[in-house]
Protein chains: 2
Amino acid sequence: MPEEPASIWLRPERGARGPAPERSRAQIAAVAIDLADAGGLAAVSTRQIAKALGTGPASLYRYVATRDDLIDLMHDAVTGEVDLSVPLTGDPIDDLLSLAARTRDLCLRHPWLLDVPVERTRLGPRAADYLEYALRALQHVPMTGRRKLEAISLLNGLVMLFAQLELQERRTPTARQAAQAAYRAQLAADGRHPLIAAAMAGSSLDPPEDPGQSFERMTRQLLAGLGLPG
Amino acid sequence: MPEEPASIWLRPERGARGPAPERSRAQIAAVAIDLADAGGLAAVSTRQIAKALGTGPASLYRYVATRDDLIDLMHDAVTGEVDLSVPLTGDPIDDLLSLAARTRDLCLRHPWLLDVPVERTRLGPRAADYLEYALRALQHVPMTGRRKLEAISLLNGLVMLFAQLELQERRTPTARQAAQAAYRAQLAADGRHPLIAAAMAGSSLDPPEDPGQSFERMTRQLLAGLGLPG
DNA sequence: AATTACCGCGAACATCGATCGCAGTATTGG
DNA sequence: CCAATACTGCGATCGATGTTCGCGGTAATT
């Protein structure tokens, strides 16, 4: 009989016998999210969380079986930040576009979301609400269930791609930028990559396009390509 | 004076003084790639590589300053597998489409590529050739350098999204599938997510679309959205 | 021939995720 | 009402990881 890896959402939050837990999954997730917002996913370690909670590292494992469970918790918690009370208009494109915009904001607020291994996530309750909402937007669209799920998955992927692009433009990691500059110089020097040299030379001068605008245009294209009525 | 994190591509492969290195960056990258192909990025550890090479873990650091450097090496090496001798037709759409298809094959051959932190990669020589090739396809398109770079980045992102979708459909991780089934049952039971229940119930029966076909359609849409002449 | 700069690598350190087992506490069943 | 039960908190610890130190040796430079 193989061990049951049993997604955390299937285990009860607390047992029926002993004393009440001193902390809750929600509290732990909140602390972990603060750590991740500040220092990225790598900063989310058993001991850092324990320290922030004022306990030893072992205590966490009463709430969570594994670090992955913890990330599931975090993922689900921030997914709950997306406002699902926005009424659907009935136009799938508009509705998904609006949802995508809200999701993009979420990614900008919690950049570590982009580092969560993509399909590793197990659907938590908040994520289920999210997915249900997205499927509701597609309710009257003639597609198979599988295609709808794929479409939502791709849409979220595109959202993350754009969020990535925007974040990468926003912050100025001095160390990296210096290294890039040095290497660019070498590339320009050897003369074998003239187009790269040209594109990168101009790139810092070219005005960036309004991210929101290009995001909306691309998302529309994606949805059209997915077979939605345009 | 801050330490120079100096991208690995800026350091010489070997010094001028001492004995010749017994191994090369290429050999190490090849071993690491084999490990990653077999067991994912997580299986690429200092000691595993050292063991495969028949040495101790410390020896690696004569070739690589950090694990990230090692991943840069791997990334660049597999990027070199993309055939850039395919002549360009002059039609940017066709050329990028063809390049994207080859890139998609690469991702399917080396699934760990999808786990490489996206913008962390420092442009190696092979990757530079790749980028130069892509820029050549865009040579006569009236876009700023920055927009071209963004377009290529987005295109590669889309390629990875599709590769992910396809891989996820291909393999059948029994443990996960069982957990998902259990959770799906609970979702269907509580009745609060009827659309999810319906979509997932059908999803295993619905015929999958030909991946290549949907990939090409979506890529066309993306390129059109990026402002390429269609 | 002496100096210098490099190579291989055993030993060790810090940190990480995770486990074990014990003391304490609330619920259950008789 | 009290033992049995099943849980909670957590110090100590394990194994694995990325990385550093410093040694003995080797080849190029002077």
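As the structure is a computational prediction, the values presented were derived from the model and not from experiment. Residue numbering restarts at 1 for every chain, and letters A, B, ... go by the order of the sequence lines.
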Measure [atom1]/[X] against [atom2]/[N] and give the value in whole Å, please.
X     : N      : atom1 : atom2 : result
A:R14 : D:dT8  : CZ    : P     : 7 Å
B:I28 : C:dC9  : CD1   : C1'   : 13 Å
A:L70 : C:dC16 : CG    : C1'   : 14 Å
B:E22 : C:dC6  : CD    : P     : 18 Å
A:R67 : C:dC16 : CZ    : P     : 10 Å
B:K51 : D:dG15 : NZ    : P     : 15 Å
B:R47 : C:dC13 : CZ    : P     : 13 Å
A:I49 : C:dA18 : CD1   : P     : 11 Å

C:dT25, C:dC7, C:dG10: which one has an atom nearest the side-chain heavy atoms of B:A58? C:dG10
Any Lys/Arg nitrogen of [X] or [Y] sitting under 4.0 Å from an Asp/Glu carboxylate oxygen of the other?
X      : Y      : result
B:E166 : B:R170 : yes
A:D129 : B:R192 : no
A:D69  : A:R122 : yes
A:R109 : A:E81  : yes

Is the phosphate of [N] approached by [X] (side-chain N or O, under 4.0 Å from OP1 or OP2)?
X     : N      : value
A:R11 : D:dC7  : no
B:R17 : D:dA27 : no
A:Y63 : D:dG9  : yes
A:T46 : C:dG17 : yes

Describe the nucleic acid contact of [X] in one word from base, sugar-phosphate, nothing, applying a heavy-atom distance below 4.0 Å.
X     : value
B:S59 : base
A:A16 : sugar-phosphate
B:V64 : nothing
B:R62 : base
A:S45 : sugar-phosphate

Minimum heavy-atom distance B:P211-B:R104, with the two atoms named: CB-NH2, 3.9 Å
Per nearest nucleotide of DNA chain D, the residue lying toward the 5' end, A:E13 or A:P57, is A:E13
DNA chain C nearest-nucleotide lookup for A:A42 and B:G56: closer to the 5′ end is B:G56
